There are 2 protein chains.
Amino acid sequence: MSKHTNESALASKLADKGIRLTRQRRTLLDIIETSQGHLHASDLLTLAREQDERIDRATVYRTLSLLKGQGLVEELDLLHLDGSEHHYELKAQTSHVHIGCKGCGRIFEFQSELVKELESAVRRETGCAVESVRVEVAAWCPECRKRQ
Amino acid sequence: MSKHTNESALASKLADKGIRLTRQRRTLLDIIETSQGHLHASDLLTLAREQDERIDRATVYRTLSLLKGQGLVEELDLLHLDGSEHHYELKAQTSHVHIGCKGCGRIFEFQSELVKELESAVRRETGCAVESVRVEVAAWCPECRKRQ
DNA sequence: GTTCCTGCAAAGAGTTTGCAGTTCT
DNA sequence: AGAACTGCAAACTCTTTGCAGGAAC
């Protein structure tokens with residue numbers, strides 16, 4: 001358990017691992033935990049600068065890479081529906097699918113046990129030790145289907 | 001049916017759509033059809049230059065983008081196990097999963113009906129019209145597990 | 001006090017674009 | 001002949017790195 005009781009969940013996890021908590025990291029962790037969505041590095045930079053003028057792109061990338069390395073966030077491509085940035089989200093407990101709408105560009109999430117089943121099938125039939133599974137679907141959402 | 005009977009399958013499909021077949025495109029289509037794997041743009045460029053010195057990077061990217069637009073090849077990220085290039089493969093008839101080994105970097109394919117099931121579930125439960133499903137797994141292959 | 005982190009600036013990958021000339025149908 | 005395609009060079013986007021100063025423990 002953490003001795004840093006008034007830290008955010010992510011911050012405590014880092015502190016517990018002996019990783020330094022800087023002002024910049026706290027800011028970034030906070031944004032990542034608060035925003036429920038799928039952030040780009042550049043979104044994150046913009047949001048962070050609202051709280052801390054001087055925060056740098058490099059710090060954002062370095063922090064994301066740190067969190068990814070610690071298994072705390074997940075990197076997604078989301079089918080590059082707009083641009084080719086990577087997206088990041090808190091590592092989820094439950095397996096879910098990301099659905100990107102080719103009309104409006106929104107990202108929807110969809111829970112399904114089938115993801116876990118697929119993961120087991122891979123493990124069982126290939127003998128691979130699975131670390132993570134990413135399912136990304138390109139689609140047209142109901143609203144955009146009408147609008148067409 | 002195509003009147004271009006001695007073209008490759010991809011070339012015929014393009015010709016049938018009234019898309020011009022240039023020397024460069026034939027070269028590239030040929031490589032894509034022959035190599036069974038997952039090519040990067042830069043792999044493709046290298047291979048193409050063995051047959052045609054003057055072929056340009058831009059032509060490779062433009063051709064890939066054309067084929068993608070026509071639904072003839074699929075773009076993959078393959079978890080960016082090495083670098084952040086995109087990979088391309090012939091659009092497959094059967095749904096499969098790409099497994100990237102974090103040890104050796106090789107990409108394995110794995111067929112499973114679960115992918116189709118997942119696709120149906122998305123369609124049924126979200127009302128989205130699904131265009132494509134990408135499943136990418138990060139894992140350690142049996143050989144690399146031993147070697148660790 | 002040491003080690004790690006940061007901002008800055010510059011470089012690096014990967015990809016795209018404008019344009020003048022060439023090739024396809 | 002006309003539209004579409006190509007090579008070239010330059011630009012662009014996203015991300016990483018080297019370094020000197022600054023903050024965390």
Side-chain angles (χ1 to χ4, degrees), chain A residues 2-4 6-7 10-12 14-29 38-46 48-49 51-70 73 75-88, chain B residues 2-4 6-7 10-12 14-29 38-46 48-49 51-70 73 75-88:
Chain A
S2 171
K3 59 184 176 181
H4 308 265
N6 51 0
E7 301 287 4
L10 280 182
S12 304
L14 291 183
D16 285 351
K17 297 186 187 209
I19 291 167
R20 281 190 194 168
L21 287 173
T22 61
R23 178 172 44 83
Q24 294 89 333
R25 285 184 181 167
R26 282 178 219 270
T27 302
L28 293 168
L29 298 179
H38 311 95
L39 295 165
H40 303 194
S42 66
D43 289 341
L44 189 49
L45 178 61
T46 306
R49 283 208 164 137
Q51 294 178 231
D52 179 353
E53 277 272 344
R54 317 211 65 76
I55 201 165
D56 194 73
R57 253 200 323 288
T59 302
V60 171
Y61 281 108
R62 285 190 276 230
T63 302
L64 285 171
S65 154
L66 172 73
L67 294 173
K68 194 170 42 149
Q70 297 296 326
V73 303
E75 190 176 14
L76 307 168
D77 290 288
L78 297 182
L79 303 149
H80 302 303
L81 291 179
D82 52 28
S84 57
E85 286 177 311
H86 292 161
H87 298 241
Y88 298 86
Chain B
S2 170
K3 61 184 175 182
H4 306 263
N6 51 359
E7 301 287 5
L10 279 181
S12 304
L14 290 184
D16 285 351
K17 297 187 187 209
I19 290 167
R20 281 192 193 167
L21 287 173
T22 61
R23 178 172 43 83
Q24 294 89 333
R25 285 185 182 167
R26 283 177 218 270
T27 303
L28 293 169
L29 297 179
H38 312 95
L39 295 165
H40 302 195
S42 66
D43 288 341
L44 190 47
L45 179 60
T46 305
R49 283 208 165 138
Q51 294 178 231
D52 179 352
E53 277 271 343
R54 318 212 64 76
I55 201 164
D56 194 72
R57 253 199 323 286
T59 302
V60 171
Y61 283 108
R62 285 189 278 232
T63 301
L64 285 171
S65 154
L66 172 74
L67 293 172
K68 192 170 46 152
Q70 297 295 327
V73 303
E75 191 178 11
L76 307 168
D77 290 289
L78 297 182
L79 303 150
H80 302 303
L81 291 179
D82 54 27
S84 57
E85 285 177 310
H86 291 160
H87 298 240
Y88 298 86

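A quick note: this is a predicted structure, and the numbers were derived from the prediction, not measured. Note on naming: letters A, B, ... go to the chains in the order of the sequence lines (proteins, then strands), and numbering restarts at 1 for each one.
- A:Arg26 has its CZ atom 6 Å from the P atom of D:dC25, to the nearest Å.
- With DNA chain C read from its 5' end, the first of the two nearest nucleotides for B:Arg20 and B:Tyr88 is the one closest to B:Tyr88.
- In summary, the side chains of B:His87 and B:Asp77 do not present any donor paired with an acceptor at a separation below 3.5 Å, with no hydrogens or angles considered.
- For the OP1/OP2 pair of D:dC14 and a distance below 4.0 Å, the side-chain nitrogens and oxygens of A:His86 include no atom meeting the criterion.
- Listed by first and then second residue, the salt bridge (charged side-chain N to carboxylate O under 4.0 Å, His left out) pairs involving residues 18-27 of chain A are A:Glu7-A:Arg26, A:Arg23-A:Asp52 (not counting sequence neighbours).
- Taking only distance into account, the side chain of A:Arg23 never meets the base of D:dA23 through a donor-acceptor pair shorter than 3.5 Å.
- Going from atom NE2 of B:His40 over to atom P of C:dG14 covers 8 Å, rounded to whole Å.
- A straight line from CG of B:Leu28 to P of D:dT6 spans 8 Å, rounded to a whole angstrom.
- Per the geometry, CG belonging to B:Leu44 stands 14 Å off C1' belonging to C:dT15, to the nearest Å.
- Of the candidates D:dA3, D:dC8, C:dT15, the closest approach to any side-chain atom of B:Glu85 belongs to C:dT15.
- Heavy-atom minimum distance, A:Leu21 versus A:Ala15: CD1-CB, 4.0 Å.
- Summarising the geometry, atom CG belonging to B:Leu39 is positioned 10.5 Å from atom CG belonging to B:Leu76; distances are rounded to the nearest 0.5 Å.
- OP1 or OP2 of D:dT6 sits under 4.0 Å from a side-chain N or O of B:Thr22.
- Minimum heavy-atom separation, A:Ala48 to A:Leu28: CB-CD2, 3.7 Å.
- OP1 or OP2 of D:dA23 has not a single side-chain nitrogen or oxygen of A:Gln24 nearer than 4.0 Å.
- Between A:Asp43 atom CG and D:dC14 atom P the separation is 11 Å, expressed in whole Å.
- With rounding to whole Å, B:Ile19 atom CD1 is found 14 Å from D:dA3 atom C1'.
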> So B:Asp43 and B:Glu85, side-chain contact (heavy atoms from CB on, under 4.5 Å) or not? Walk me through it.
Replying inline: CA-CA 10 Å; B:Asp43 288 341; B:Glu85 285 177 310; over 6 Å; no
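- A heavy atom closer than 4.0 Å to some atom of DNA chain D occurs in B:Thr59, B:Arg62, these being the qualifying members of residues 59-70 of chain B.
- Contact check, B:Arg25 against D:dC5: a side-chain N or O comes under 4.0 Å of OP1 or OP2.
- C:dT25 atom P lies 13 Å from atom CG of B:Asp16, rounded to whole Å.
- Between the CD1 atom of B:Ile55 and the P atom of C:dT22 there is a distance of 18 Å, given to the nearest Å.
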Can you list, pair by pair, the side-chain donor-acceptor contacts under 3.5 Å of residues 54-69 of chain A, counting residues two or more places apart and other chains?
{"unit_1": "A:Asp56", "atom_1": "OD2", "unit_2": "A:Ala58", "atom_2": "N", "d": "2.9"}
{"unit_1": "A:Thr63", "atom_1": "OG1", "unit_2": "A:Thr59", "atom_2": "O", "d": "2.8"}
{"unit_1": "A:Lys68", "atom_1": "NZ", "unit_2": "A:Glu75", "atom_2": "OE1", "d": "2.8"}

